[in-house]
Amino acid sequence: MFFRLISTNPFTPMELLLRIFISILIGSLVGTEREYKNRPAGLRTHVLVCLGACMIALIECMFMHDVDNQTSAHITYNFGRMSAQVISGIGFLGAGTIFMNDRKIGGLTTAASVWNTACLGLATGYGYYWMSLIGCVLVLGVLVLLQRLLPVNSLKRVEVRFVNRQETMAHINEFFEQNNIKVLNLDFHIENLEGKGKGGKNIYTNIYTLHLPSALNYTDVINHLASYPNIMVVRATNT
């Protein structure tokens, strides 16, 4: 059976290797972008998804060729059923990259990139090279360029721990006003360290939800706050 399948293979060895190579290339390109941003699904995940989808498409092509050329009786078969299972079944990987953090959902973009990578792998396996390569460029364009052109995530969350409340708050508020930073929400906590270092001073913790102007760099905000002597800790996370 093994040798029979080889003898009826509709692909030349070069054609087979080319499709596999392009699927690995596409998975590597998309996965590298996700790896660079330290996302849950990185380089290896995207390569494996794209390669596996490509292999499914190749198997279906071989199966269709074998049925058409080795069976004299009329057989009705549903071409594309295996590919459909890849499209729907890849959802369990995408679900694994989605997480809930502080009432915010994250990982949706990575889940979508994994699903798109599977689709590109299927297109490559079927031999639609230009479609898969153009699709890869479009996916990378969305992941890399779209957020820069349309910065939709301008909300940031910053946790600041400090002493000397009156003086430090005046400095923080002045900095926010000068740079047109809007405070959308503020949570605070006071820790009484009477008799514990810092001369018994209270330590204040403010958690800001900020809307930053598009021209302002998030890193510059963090560095400026951290450089103030009364500020002990600055911890920043995306909302």
Asker: Cluster question for you: counting only ILVMFWY and a side-chain heavy-atom cut-off of under 4.5 Å, with indirect links fine, are Ile20 and Met14 together?
Answerer: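 In one cluster: no.
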
Asker: Would you sort out whether Ile203 and His189 count as a side-chain contact (heavy atoms from CB on, under 4.5 Å), showing the intermediate values?
Answerer: CA-CA 8 Å; Ile203 293 183; His189 171 71; over 6 Å; no

Asker: About how many Å separate CG of Leu210 and CG of Leu186, when rounded to the nearest 0.5 Å?
Answerer: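 One gets 9.5 Å once the value is rounded to the nearest 0.5 Å.
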
Asker: For Gly125, does its backbone N or O pair with a side-chain atom of Arg19 as donor and acceptor, under 3.5 Å?
Answerer: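 Confirmed, Arg19 side chain pairs with Gly125 backbone.
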
Asker: Looking at residues at least two apart in the chain, or sitting in another chain, which of them share a ring-ring contact (aromatic ring centres under 6.0 Å, His included) with Tyr129?
Answerer: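 With sequence neighbours excluded, Tyr129 shows a ring-ring contact (aromatic ring centres under 6.0 Å, His included) to no residue whatsoever.
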
Asker: Taking atom types as modelled, find out whether Tyr204 and Thr168 have a side-chain donor-acceptor pair closer than 3.5 angstrom.
Answerer: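 Short answer, no.
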
Asker: Does a side chain donor of either His46 or Ser113 reach within less than 3.5 Å of an acceptor in the other side chain?
Answerer: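 Ser113 and His46 do have a side-chain donor-acceptor pair below 3.5 Å.
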
Asker: Given the rule that I, L, V, M, F, W and Y join up when any side-chain heavy atoms are under 4.5 Å apart, are Leu48 and Ile56 in one cluster?
Answerer: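 Unlinked, Leu48 and Ile56 end up in two clusters.
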
Asker: Rounded to the nearest 0.5 Å, what's the gap from OG1 on Thr117 to CD1 on Ile26? Could you check?
Answerer: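 Spacing of OG1 (Thr117) from CD1 (Ile26) equals 9.0 Å.
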
Asker: Do Val183 and Thr209 have side chains that get closer than 4.5 Å, going by heavy atoms?
Answerer: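 No, their side chains stay 4.5 Å or more apart.
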
Asker: Please lay out, stage by stage, how Phe175 and His224 fare under the test ring pair (Phe, Tyr, Trp, His ring centres under 6.0 Å).
Answerer: CA-CA 9 Å; Phe175 173 71; His224 178 85; 4.0 Å; yes

Asker: Under 4.5 Å between any side-chain heavy atoms of Asn179 and Pro213, yes or no?
Answerer: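 Side-chain contact under 4.5 Å: no.
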
Asker: Surrounding CE of Met169 (heavy atoms of other residues, nucleotides or ligands, distance under 6.0 Å), is the total greater than 12?
Answerer: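 Above 12, so yes.
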
Asker: Check each of Asn230, Asn202, Ile231 against Val163 using the side chain to side chain contact (heavy atoms under 4.5 Å, CB included) test, and report the only one that passes.
Answerer: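 So the option named by the test is Asn230.
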
Asker: For the residue pair Tyr208 and Glu159, confirm or rule out a side-chain donor-acceptor distance under 3.5 Å.
Answerer: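 The answer is no; no qualifying pair exists.
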
Asker: Would you say the side chain of Leu120 lies within less than 4.5 Å of the side chain of Val139, judging by non-hydrogen atoms?
Answerer: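 Answer yes - side chains close enough.
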
Asker: Are Val160 and Ile172 side-chain neighbours, meaning at least one heavy-atom pair lies under 4.5 Å?
Answerer: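 In short, these two side chains touch, coming nearer than 4.5 Å.
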
Asker: List in chain and number order the residues that pass side chain to side chain donor-acceptor pair (under 3.5 Å) with Ser23, two or more places apart in sequence or in another chain; answer none if no residue qualifies.
Answerer: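 Counting only residues at least two positions away or on another chain, Ser23 forms no side chain to side chain donor-acceptor pair (under 3.5 Å).
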
Asker: Output the distance between atom CD (Glu33) and atom OG1 (Thr110), rounded to the nearest 0.5 Å.
Answerer: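 Reported value, rounded in 0.5 Å steps: 8.0 Å.
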
Asker: Please tell me if the side chains of Arg165 and Phe188 come closer than 4.5 Å, counting only heavy atoms from C-beta onward.
Answerer: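 No; the side chains remain at least 4.5 Å from each other.
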
Asker: Does a sphere of radius 6.0 Å around OH in Tyr128 hold more than 12 heavy atoms from other residues, nucleotides or ligands, not counting ones at 6.0 Å or beyond?
Answerer: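 Result for OH/Tyr128: open.
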
Asker: List the atom of Ala118, the atom of Val86, and the distance in Å for their closest heavy-atom pair.
Answerer: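 Shortest heavy-atom contact: CB-CG1, 4.3 Å.
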
Asker: So how far is it from Ile207 CD1 to Arg161 CZ, rounded to the nearest 0.5 Å?
Answerer: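 Answer rounded to 0.5 Å: 10.5 Å.
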
Asker: Answer whether the closest heavy-atom distance between the side chains of Val234 and Val158 falls below 4.5 Å.
Answerer: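 In short, these two side chains touch, coming nearer than 4.5 Å.
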
Asker: Is the shortest heavy-atom distance from the side chain of Tyr126 to the side chain of Ser132 under 4.5 Å?
Answerer: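 SC-SC contact between Tyr126 and Ser132 ruled out.
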
Asker: Which value, rounded to the nearest 0.5 Å, describes the distance between Leu51 atom CG and Leu25 atom CG?
Answerer: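 Nearest 0.5 Å value for the CG-CG distance: 12.5 Å.
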
Asker: Calculate, to the nearest 0.5 Å, the distance between atoms CG and CD1 belonging to Leu29 and Ile24 respectively.
Answerer: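 Answer for the CG-CD1 pair, Leu29 versus Ile24, is 12.0 Å.
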
Asker: Is it true that the side chains of Glu191 and Thr205 contain a donor and an acceptor less than 3.5 Å apart?
Answerer: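 Thr205 and Glu191 do not have a side-chain donor-acceptor pair below 3.5 Å.
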
Asker: Looking at every non-hydrogen atom in both residues, tell me the closest pair between Ala53 and Leu122 and how far apart they are.
Answerer: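 Ala53 and Leu122 have their closest heavy atoms at O-CD2, 3.2 Å.
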
Asker: What I'd like to find out is whether the side chain of Cys136 reaches to under 4.5 Å of the side chain of Val30, using heavy atoms alone.
Answerer: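 Yes, at least one pair of side-chain atoms sits under 4.5 Å.
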
